[in-house]
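Residue numbers start from 1 in every chain, and the chains themselves are labelled A, B, ... in the order their sequence lines are given, proteins ahead of strands.
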Amino acid sequence: MALRIYNTLTRQKEEFLPVESGKVGMYVCGVTVYDMCHIGHARSVVLFDVIYRYLVDSGFQVKYVRNFTDVDDKIINRANQVGEDWKRLAERFIVEFYTDMDALGVLRPTVEPRATEHIDQIEALIGQLIDRGHAYEADGDVMFAVNSFNEYGKLSGKKTDELIAGARVEVDAKKRNPLDFALWKAAKPGEPQWESPWGPGRPGWHIECSAMSMQYLGKEFDIHGGGADLTFPHHENEIAQSEAATGRPFAKYWIHNGFVNIRSEKMSKSLGNVLNIRDILQRVHPESLRLFLLSSHYRSPLDYNETSIREASVGLERLYAAMAALDELGEVDGKAQQLPEELIDIRERFSQTMDDDFNTPRSLAILFDAARAVNRIATQARGARKLVPSRSLLEPVKSEILACSRDILGLLTEEPAGFLDHVRKAHLKDLGITEEEILSFMDQRSQARKDKDFARADKIREDLAERGILLEDGPKGTIWKVKELQQS
RNA sequence: GGCGGCUUAGCCAAGUGGUAAGGCGACGGUCUGCAAAACCGUUAUACGGCGGUUCAAAUCCGCCAGCCGCCUCCA
């Protein structure tokens with residue numbers, strides 16, 4: 001089956017046919033580095049991370065470009081507010097970005113260009129637009145003339161006359177048409193600036209993405225992505241600039257991810273409900289967050305709330321537990337020569353779901369089905385080797401599951417035992433209890449159980465439960481876990 | 001006002017013409033000293049409402065209701 005992608009440009013799912021067979025050029029709008037990244041950024045970055053991984057896994061030679069907008073009004077404003085050099089501020093938040101994304105297990109793109117390092121290309125592109133009559137100078141600014149590009153509005157489905165009638169466009173005497181937008185902004189005193197044929201200034205926001213994407217991917221490339229809000233005006237403007245300058249089609253497939261709401265409310269600074277990745281990761285395992293982000297289709301809105309994030313944590317633990325069970329079954333090396341259907345052709349079925357516009361919820365269902373099948377074998381077997389599939393049958397199952405979950409979705413990247421350890425240790429401080437204390441209580445309880453003093457044993461277990469620690473007696477002895485913490 | 005989208009069980013969430021994936025929760029059972037975990041079973045004659053097309057619709061069309069996004073910096 002071939003990969004099909006929903007293309008914002010055509011408003012339908014289309015078969016993915018790259019410009020050059022076997023190769024993919026993908027550009028995703030990165031962040032403007034003036035603040036910490038929030039859960040919305042996480043959704044976008046994780047989505048395109050998964051798309052990137054899947055394309056590579058599918059055999060494409062992928063060049064993935066994700067930029068940093070490191071000069072911009074917001075950066076300048078913030079720098080002025082906090083009294084920091086704008087360049088240092090941007091630099092600082094690039095470091096913070098990497099801290100979060102590394103924690104989330106996001107792979108580095110092939111190229112991560114910064115606007116400030118591409119001023120030459122930006123100026124060249126602007127020059128081209130002026131030469132071709134698509135842009136004009138106005139008091140040191142350079143504006144793109146929307147009227148000069150007939151197809152303006154084709155991405156967002158807007159018509160220029162309706163947009164003007166909407167009258168929410170900023171009135172600016174410099175503009176010939178209210179929809180015209182800045183390619184180059186004349187520098188005000190004290191602002192970052194570069195020399196240019198139009199005087200000292202800095203690039204407008206939209207032009208950097210056109211310049212950098214074409215620099216690394218060519219005039220015409222395959223995938224361009226970003227958050228749904230970038231469709232208009234940012235991506236619309238990119239198309240206008242790029243196609244007006246080159247006279248050729250720009251990106252072929254446009255992918256936009258839906259927004260994250262916080263407890264059914266739009267996330268916004270004014271509501272004060274912006275959730276930083278950093279803060280979430282204090283209580284939520286990074287893979288739980290990834291699982292949560294991939295649990296609904298990427299174009300749908302996604303609601304972040306206590307229940308959903310807890311469900312993701314529980315689900316992740318279930319998957320890890322099944323992986324541990326799978327390892328144990330492998331040690332048994334049983335005699336059964338048949339696998340249950342949930343464990344057959346996992347990769348192929350997984351690919352089918354991903355090929356359908358990256359349907360990660362269905363992909364996850366395949367993993368959960370596999371987990372249940374593994375656990376079923378483990379339960380039924382109970383020492384009966386004839387019921388357990390042979391090692392030669394199970395080993396490929398494990399590698400198939402990991403090829404899907406670890407390599408593509410970025411889930412189950414840890415060893416099961418390490419995962420459990422990670423989760424419990426991450427929360428011990430919050431619970432105000434040490435592992436030594438827990439182990440000591442567990443010893444006391446074991447002794448009580450040996451003595452058949454079950455009342456005392458249960459009391460110890462209940463006391464620990466009140467402190468947030470769960471005890472589970474298994475075939476290999478007792479283990480302890482941390483109860484789910486309240487999320488905020 | 002313009003454009004676009006959504007409405008599936010207690011909750012989350014797939015499914016876009018052939019008779020409802022998966023997860024969480026709940027209930028019953030197996031296992032366990034008791035639990036927990038795990039497994040098994042049950043949990044939507046039904047997909048916002050009303051019409052229409054079709055042998056057949058959650059899936060296509062129309063109307064209505066409710067919710068949401070974009071049109072301004074925004075992932």
Side-chain angles (χ1 to χ4, degrees), chain A residues 8 11 13 28-32 34-35 37-48 72-74 77 153 156-159 161-170 179 205 225-234 236 256-261 264 266-269 274 291-292 295-297 299-303 305 307-319 321-322 324-325 353 356 359-369 371-382 449 452-455 457-458 461-462 465 470-475 478-481 483:
Chain A
T8 308
R11 269 158 276 265
K13 280 188 207 172
V28 175
C29 291
V31 293
T32 301
Y34 75 107
D35 205 347
C37 286
H38 54 65
I39 175 95
H41 296 113
R43 184 178 196 190
S44 184
V45 174
V46 167
L47 165 69
F48 288 103
D72 162 275
D73 289 344
K74 290 192 291 290
N77 291 341
S156 57
K158 297 181 189 307
K159 297 185 176 65
D161 47 344
E162 283 166 357
L163 280 166
I164 294 166
R168 289 181 76 175
V169 217
E170 193 183 333
L179 294 176
W205 174 37
D229 54 323
L230 296 181
T231 309
F232 189 91
H234 184 56
E236 194 70 72
H256 292 99
N257 65 276
F259 266 39
V260 179
N261 293 129
S264 306
K266 177 171 171 155
M267 179 167 65
S268 73
K269 304 230 157 148
V274 174
L291 178 60
F292 163 72
S295 66
S296 78
H297 187 83
R299 278 186 280 116
S300 308
L302 177 61
D303 195 55
N305 57 61
T307 307
S308 294
I309 206 70
R310 179 163 35 77
E311 282 180 9
S313 300
V314 171
L316 181 68
E317 201 171 308
R318 178 176 170 77
L319 292 177
T353 63
D356 183 15
N359 195 327
T360 53
R362 283 177 60 201
S363 311
L364 288 169
I366 290 170
L367 297 181
F368 278 107
D369 281 339
R372 180 154 26 79
V374 166
N375 286 332
R376 192 197 308 132
I377 294 171
T379 300
Q380 285 172 347
R382 292 275 161 88
R449 292 179 73 206
K452 304 276 184 215
D453 184 358
F454 294 119
D458 290 350
R461 187 171 60 195
E462 281 160 25
L470 292 180
L471 296 187
E472 290 180 11
D473 300 326
T478 304
I479 58 163
W480 65 273
K481 286 183 178 175
K483 265 206 270 189

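- Put simply, the side chain of A:K74 does not reach to within 4.5 Å of the side chain of A:D35, judged on heavy atoms.
- Heavy atoms of A:F454 sit under 4.0 angstrom from at least one base atom.
- Defined by atom type and a distance below 3.5 Å, a donor-acceptor pair is missing between the side-chain atoms of A:S156 and A:T231.
- Across all strands shown, A:G474 has no heavy atoms under 4.0 Å from either base or sugar-phosphate atoms.
- Residue A:S268 is out of contact with every strand shown, counting any heavy-atom pair closer than 4.0 Å.
- Considering only side-chain N and O atoms, A:K266 lies under 4.0 angstrom from the phosphate OP1 or OP2 of B:C70.
- To the nearest angstrom, P of B:A21 lies 17 Å from CZ of A:F368.
- One can place CG of A:L302 at 12 Å from P of B:C12, the figure rounded to the nearest angstrom.
- The partner of B:U45, taking Watson-Crick or G-U wobble pairs whose two distances both stay under 3.5 Å, does not exist in any strand shown.
- Contact between the side-chain N/O atoms of A:R43 and the OP1/OP2 oxygens of B:C74 is not found at any separation under 4.0 Å.
- Between the side chain of A:D458 and the base of B:G33, a donor-acceptor pair under 3.5 Å is found.
- Nucleic acid contact class of A:S295 (heavy atoms, under 4.0 Å, all strands): sugar-phosphate only.
- In terms of polar N and O atoms assigned as donor or acceptor, the side chain of A:N261 never comes within less than 3.5 Å of the base of B:C68 in a complementary pairing.
- A:L230 comes within 4.0 angstrom of sugar-phosphate atoms only, judged by non-hydrogen atoms across all strands, and of no base.
- Judged by distance alone with a 3.5 Å cut-off, a donor-acceptor contact links the side chain of A:R461 to the base of B:A35.
- Pairing partner, B:A13: none, since no Watson-Crick or wobble contact has both distances short of 3.5 Å.
- Among the heavy atoms of the strands, none lies under 4.0 Å from A:H234.
- Searching all strands for a Watson-Crick or G-U wobble partner of B:C50 with both distances below 3.5 Å returns B:G62.
- Across all strands shown, A:D369 has heavy atoms under 4.0 Å from sugar-phosphate atoms exclusively, and none from any base.
- Residue contacts shown for A:I366 are absent, as no nucleic acid heavy atom lies under 4.0 Å away.
- Contact annotation for A:V260: base contact, defined as any heavy-atom pair under 4.0 Å involving a base atom.
- With a 4.5 Å cut-off on side-chain heavy atoms, A:D369 and A:R372 count as touching.
- Checking side-chain atoms of A:S44 against main-chain N and O of A:H41 turns up no donor-acceptor pair under 3.5 Å.
- Side-chain contact between A:D473 and A:R461 is present, with heavy atoms from C-beta onward closer than 4.5 Å.
- Between the CD1 atom of A:I309 and the C1' atom of B:C24 there is a distance of 13 Å, rounded to whole Å.
- Residue side chain A:R449 reaches the base of B:G33 through a donor-acceptor N/O pair under 3.5 Å, judged by distance alone.
- No hydrogens or angles were tested; on distance alone, nothing pairs the side chain of A:R376 with the base of B:C40 as donor and acceptor under 3.5 Å.
- A:D473 comes within 4.0 angstrom of a nucleotide base, judged by non-hydrogen atoms across all strands.
- Shown here, B:C55 forms a base pair with B:G18; the pair counts as Watson-Crick or G-U wobble because both key distances fall under 3.5 Å.
- Using a 4.0 Å heavy-atom cutoff across all strands shown, A:G226 reaches sugar-phosphate atoms only and no base atom.
- For B:U30, the paired nucleotide is B:A38, the pair qualifying as Watson-Crick or G-U wobble because both relevant distances are below 3.5 Å.
- Using the Watson-Crick or G-U wobble rule with both distances under 3.5 Å, B:G4 pairs with B:C68.
- Here the CG-CG distance, from A:L316 to A:L291, works out to 6.0 Å after rounding to the nearest 0.5 Å.
- Closest contact between the side chain of A:K158 and the listed nucleotides B:C34, B:C70, B:A14 involves B:C70.
- Taking side-chain N and O atoms only, A:R318 has a distance below 4.0 Å to OP1 or OP2 of B:A38.
- OP1 or OP2 of B:C39 has at least one side-chain nitrogen or oxygen of A:N375 nearer than 4.0 Å.
- A:G227 comes within 4.0 angstrom of sugar-phosphate atoms only, judged by non-hydrogen atoms across all strands, and of no base.
- The line from OG1 of A:T360 to CD1 of A:I366 is 11.5 Å long, rounded to the nearest 0.5 Å.
- Residue A:S363 places no side-chain N or O under 4.0 Å from the OP1 or OP2 atom of B:G22.
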